[in-house]
Peer 1: 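I have a structure I would like to understand better, so I am pasting it below and will then ask my questions one at a time.
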Amino acid sequence: MRRSLYLLPVALFLVLAGFLLGGLFLNPRDIPSVLIDRPVPEMNLPALAGRPADSGLASADLKGRVSLVNIFGSWCISCADEHPTLMRIKAQGVVPIHGIDWRDDPAKALAWLQRNGDPYDRVGVDPAPGRTSIDFGVTGAPESFIVDKAGVIRYKHVGPITPKVWEATLLPIIVELNK
Amino acid sequence: MSLPRPAALAVLLALAAPAFAADPDEMLKDPALEARAHALGKELRCLVCQSESIEDSNADLAKDLRVIVREHIAAGESESQIKKYVVDRYGDYVLLRPPVKASTLVLWLGPFALLLTALGAAWLVFRRRGGQPAAPPLTAEEQRRLDVLLKDQAK
């Protein structure tokens, strides 16, 4: 009994070390969103100049169809990294992608879309201080939200959508929601 | 006035105005409101840098939140209303001082529980040590060997 008492600190240390070791592999950006299962925030963002005038993004546009809302900016390096995947998703045609152009120069955003391709059905412009993006709980671009037919946020992905994230995580959720 | 140097340094440090990340142009004109906004901002985590408050961070998102906090203060909202606005969007994570509730009890009480456990363990160990009888007196034979050893060493 006494012997085992001496082992107690060692056991406690091992448990603590186990948690810390696990912590090394967590992504500190992966903060659980409080918006899951809540309706999309009230918004009515103007269209990006140079795209059709009626292609802005309002809350009502997100009802009736499962959609992917992507917060991006032409200044954002990971967004450029993510862009080819968005183009592929658009080509697949399973879900419309809507963009929120966050804290951006509209002219630069338009040039960026013209140069890299435009995967978005609608693009709403959200200049500083980015109220709508903050309503979405944005922590950095890119961030993507899966919105169901009722206009309720069902999933949030922080960081670029890679082909792997799309295939393994987002697409299955979208297929499920479309049933 | 001649102070010893460390004291002079301490006085200077105490008087130094804290550096704010907030630009003068985003600060509120009314010093009382600005002080409230600053105090509140100090409690809100910058979501980009994560270990700084929005008042201390230079990130764009922190600047946006500072501006929005000041708008709400200027509109006459209370601290708790503004905190609710931010928590509604970012969760409790955004509060640098997490609220006490069921899910955070371990966080708040854990350190004290650990301290109590450690004190208890220490008390047990020391009580046992203190309670041990003194070593039994040496036998005549042992005393003789000790004398020999000590004599050897003295040479």
Side-chain angles (χ1 to χ4, degrees), chain A residues 1-13 15-16 19 23 26-43 71 73-76 78 100-105 126-143 145 153 156 158-159, chain B residues 22-23 25-26 41 44-52 54 57 59-72 74-75 82-95 98-99 103 106-107 110-111 113-125 127-129 132:
Chain A
M1 174 56 207
R2 226 160 242 197
R3 270 292 135 85
S4 58
L5 211 58
Y6 282 111
L7 288 177
L8 190 66
V10 180
L12 283 177
F13 169 77
V15 169
L16 185 65
F19 274 108
L26 293 178
N27 175 7
R29 297 229 154 265
D30 229 348
I31 305 152
S33 174
V34 287
L35 283 112
I36 305 298
D37 295 332
R38 281 211 247 152
V40 287
E42 264 323 301
M43 62 176 163
I71 298 181
S74 67
W75 47 268
C76 148
S78 330
I100 294 178
D101 186 25
W102 181 41
R103 290 187 126 264
D104 207 357
D105 174 347
D126 191 23
R131 286 170 215 284
T132 297
S133 301
I134 286 174
D135 286 346
F136 270 96
V138 74
T139 61
E143 271 179 23
F145 298 82
I153 297 174
K156 174 186 184 179
V158 176
Chain B
D23 294 336
D25 64 313
E26 60 186 53
L44 300 177
R45 185 192 301 271
C46 162
L47 279 302
V48 181
C49 4
Q50 302 202 339
S51 44
E52 279 183 307
I54 59 169
S57 169
D60 286 336
L61 181 58
K63 182 189 163 71
D64 290 347
L65 284 169
R66 282 199 298 275
V67 168
I68 289 175
V69 162
R70 280 165 177 73
E71 283 174 4
H72 285 247
I82 302 173
K83 272 191 188 169
K84 185 176 178 314
Y85 167 90
V86 190
V87 169
D88 276 348
R89 284 151 183 79
Y90 290 101
D92 287 337
Y93 178 78
V94 77
L95 300 175
S103 60
V106 173
L107 185 70
L114 266 181
L115 182 68
L116 280 182
T117 314
L119 284 178
W123 182 72
L124 279 178
V125 165
R127 192 189 56 162
R128 195 180 306 154
R129 278 215 194 124
Q132 263 167 9

Peer 1: Flag the one option from B:V67, B:D60, B:V48 with the top tally of heavy-atom pairs under 4.5 Å to chain A.
Peer 2: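 Ranked by heavy-atom pairs under 4.5 Å with chain A, first place is B:D60.
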Peer 1: Starting at CZ of A:R103, measure out to NZ of B:K63 and round the result to the nearest 0.5 Å.
Peer 2: 7.5 Å
Peer 1: Is it the backbone or the side chain of A:I134 that comes under 4.5 Å from a heavy atom of chain B, or both, or neither?
Peer 2: both
Peer 1: Passes side chain to side chain contact (heavy atoms under 4.5 Å, CB included), B:Y90 versus A:V138? Steps please.
Peer 2: CA-CA 8 Å; B:Y90 290 101; A:V138 74; 3.9 Å; yes
Peer 1: Which one wins on heavy-atom pair count under 4.5 Å against chain B: A:L35, A:D135, A:L12, A:L8?
Peer 2: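 Between A:L35, A:D135, A:L12, A:L8, the count favours A:D135.
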Peer 1: With a 4.5 angstrom heavy-atom cut-off, is it the side chain or the backbone of B:V94 that approaches chain A, or both, or neither?
Peer 2: neither
Peer 1: Would you name the heavy atoms of B:D64 and A:A128 that are closest together and state the gap between them?
Peer 2: OD1-CB, 4.0 Å
Peer 1: Are any of the side-chain heavy atoms of A:W102 and B:L61 separated by less than 4.5 Å?
Peer 2: yes
Peer 1: What part of B:D92 gets closer than 4.5 Å to chain A, counting heavy atoms only: side chain, backbone, both or neither?
Peer 2: neither
